[in-house]
Trainee: 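So that we are looking at the same thing, I have put the structure below in structure tokens.
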Amino acid sequence: MQSSEIRKKFLEFFEARGHTVIAASSLVPEGDNTTLFTGSGMQPLLKYLLGEPHPVGRRLVNSQKSFRTEDIEEVGDNRHDTFFEMLGNWSLGEYFKEEQLSWIFEFLTSVVGLDPQRMYVTVFAGDKENNIPRDDESVAIWQRLFKEKGMDAKAVEFVTEERGAELGMQGGRIFYYQAKNWWSRAGQPAKMPAREPGGPDSEMFYEFSNIEHDLKFGRYCHPNCDCGRFVEIGNSVFMEYKKNEDGTFSKLSQRNVDFGGGLERIVAASNDNPNIFTIDVFAPLVARIRAGGGTSNPRSEQIVADHVRASVFLIGDGVAPSNKDRGYILRRLIRRAVTHGHYLIGLPMGFLSTLIDTVIMSYEDAYPDLKRDREMIREVFEKEQVAFERTYTNGIKEFEKVLAKGEMISGV
Ligand code: GLY
């Protein structure tokens with residue numbers, strides 16, 4: 001399936017269930033200086049999750065442009081990217097686990113057509129220290145949903161990923177983890193500042209059995225193993241807690257649902273290919289990078305594709321390269337793209353900015369502003385690209401002069 005098709009079907013599916021489509025926010029958070037970028041669909045909705053009434057109602061849905069740098073070192077493998085689209089639906093104090101898990105399972109299996117036999121889910125194992133019970137309610141719902149597909153769904157208690165790697169799948173379909181199944185913007189309960197909302201989540205994974213487990217990740221594979229056999233495609237956060245000033249947790253005034261699904265990963269799963277760089281919005285970009293370079297290096301090709309796409313969206317939302325904050329991150333992305341593109345795979349100097357049109361072409365219907373701002377985006381990108389290519393080339397020339405003079409420093 002194509003990205004535009006799945007995006008549209010997701011919005012329609014939840015609209016048909018009483019949700020209102022809300023516009024995606026900018027990647028530059030508005031009125032929120034706690035974070036540099038919008039990294040999830042819930043971020044712009046924070047005050048509504050905390051109880052303020054939303055002007056369009058209590059059931060919302062959208063596809064949110066998101067940017068995260070946490071996984072930047074992993075970008076280049078088959079499933080990590082810095083920029084991505086997050087499909088999101090929210091219940092602001094209305095429906096809860098029963099509706100959410102049933103609907104999202106229906107969407108993934110009946111609308112997207114994913115095979116339920118390849119789906120595995122995880123749930124919260126509980127946190128005694130903070131007095132938060134384990135999520136047996138979600139387990140019962142999942143067991144019923146899998147049963148309706150004619151499947152037994154055994155629940156296995158891992159708690160930690162280490163335990164998962166020691167025990168392996170054990171014929172399970174539902175797995176309890178603790179840290180992995182707690183979601184807040186700040187991460188684990190201990191890291192959450194006072195007044196931050198969070199809660200247990202239930203995550204969905206799709207299995208690609210042609211990917212062999214890699215022993216460097218532990219003896220056995222399990223849904224949260226990093227070998228790539230199981231790809232997380234979405235998570236439903238049951239956001240019903242907040243952290244108090246004294247570090248304890250209490251219930252929010254309302255029970256919320258915050259679903260986030262990685263559009264690129266869902267599209268890849270629908271095509272039965274674990275590599276997100278093969279989907280429609282990446283394929284033309286990767287093909288041009290591959291054809292333009294001299295050396296085949298899939299990791300570098302994918303890094304270039306990710307970084308150029310992310311740069312286009314960041315510049316489109318008003319970020320300019322600089323030495324601090326957002327501008328510094330963008331500068332780093334463009335420089336990494338030049339380093340991988342020019343120096344590792346042999347793309348000609350100046351080539352990267354020609355990829356901007358390829359990115360915009362894939363997104364011009366969903367994000368018409370990119371088309372409108374094409375020249376501005378190109379100018380900002382090119383300026384940084386040219387400056388860095390010049391610096392890098394001068395550096396290499398200086399280095400060659402040193403080598404020619406026989407002044408090689410040991411260890412270089
Ligand atoms: N739905 C929470 C997140 O993954 O951002």
Side-chain angles (χ1 to χ4, degrees), residues 6-7 10-11 13-14 19 22 24-27 29 32 34-50 54 58-72 74 79-97 99-101 103-105 107-108 121-124 135 138 177-189 191-192 196-206 223-224 230-243 252 254-266 269 276 310:
I6 292 188
R7 190 192 295 115
F10 181 78
L11 299 177
F13 182 88
F14 280 96
H19 293 63
I22 53 169
S25 299
S26 166
L27 286 168
D32 172 9
T34 59
T35 166
L36 288 179
F37 298 103
T38 302
S40 65
M42 63 74 74
Q43 231 170 276
L45 297 174
L46 194 64
K47 62 183 178 193
Y48 307 111
L49 292 160
L50 289 169
H54 192 285
R58 291 150 79 93
R59 296 181 180 207
L60 311 174
V61 62
N62 82 358
S63 178
Q64 174 61 49
K65 299 179 276 186
S66 304
F67 180 81
R68 294 183 183 176
T69 51
E70 290 96 282
D71 294 329
I72 196 161
E74 265 133 334
R79 62 194 181 283
H80 287 96
D81 42 14
T82 51
F83 169 86
F84 61 102
E85 273 184 82
M86 184 181 282
L87 300 177
N89 71 275
W90 295 273
S91 158
L92 302 173
E94 229 200 10
Y95 61 83
F96 206 45
K97 297 180 182 177
E99 293 87 341
Q100 174 59 22
L101 298 181
W103 285 339
I104 205 64
F105 193 57
F107 174 74
L108 291 170
V121 300
T122 63
V123 294
F124 187 56
D135 191 3
S138 291
Y177 294 86
Q178 186 182 22
K180 278 278 174 188
N181 284 86
W182 175 266
W183 201 92
S184 80
R185 294 187 309 164
Q188 289 311 295
K191 290 205 175 139
M192 290 167 66
E196 184 70 18
D201 78 354
S202 181
E203 307 189 344
M204 283 141 282
F205 293 79
Y206 204 55
N224 272 308
F230 294 96
V231 176
E232 186 194 336
I233 52 175
N235 71 16
S236 296
V237 183
F238 302 115
M239 196 170 272
E240 59 170 331
Y241 293 97
K242 71 167 191 291
K243 193 163 178 178
L252 286 165
Q254 62 189 34
R255 298 192 307 176
N256 304 295
V257 172
D258 163 34
F259 171 76
L263 175 63
E264 291 82 350
R265 289 184 180 186
I266 296 173
I276 57 167

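Worth saying up front: this structure is predicted, and the values here are computed from it rather than measured. Whatever order the structure lists them in is the order used to number ligands and atoms, beginning at 1.
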Trainee: If only side-chain N and O atoms count, and only distance matters, is there a donor-acceptor pair under 3.5 Å linking E196 with S184?
Mentor: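 No pair is found: no donor N or O on one side chain lies under 3.5 Å from an acceptor on the other.
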Trainee: Give the atoms of ligand 1, by number and element, whose distance to some non-hydrogen atom of R68 is under 4.0 Å.
Mentor: 3 (C), 4 (O), 5 (O)
Trainee: Any side-chain donor paired with an acceptor under 3.5 Å for S63 and E85?
Mentor: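 Judged by distance alone, the side chains do pair up.
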Trainee: Against heavy atoms of M86, which atoms of ligand 1 measure under 4.0 Å?
Mentor: 3 (C), 4 (O), 5 (O)
Trainee: Under a 4.0 angstrom heavy-atom cut-off, which atoms of ligand 1 come close to V237?
Mentor: 1 (N), 2 (C)
Trainee: Give me the nearest non-hydrogen protein atom to atom 1 (N) of ligand 1 as residue plus atom name, then the distance to 0.1 Å.
Mentor: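 Checked against all protein heavy atoms, atom 1 (N) of ligand 1 sits closest to N235 OD1, 3.0 Å.
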Trainee: How close do N256 and L92 get, counting heavy atoms only, and between which atoms?
Mentor: OD1-CA, 3.4 Å
Trainee: If you measure from CG on D258 to CE on M42, what distance do you get to the nearest 0.5 Å?
Mentor: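 It is 5.5 Å, given to the nearest 0.5 Å.
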Trainee: Quick check on contacts: which atoms of ligand 1 are under 4.0 angstrom from a heavy atom of G260?
Mentor: 1 (N)
Trainee: Quick one: which ligand 1 atoms are inside 4.0 Å of a heavy atom on D258?
Mentor: 1 (N), 2 (C)
Trainee: When the ring centroid of W103 is compared with that of Y95, is the distance short of 6.0 Å?
Mentor: yes
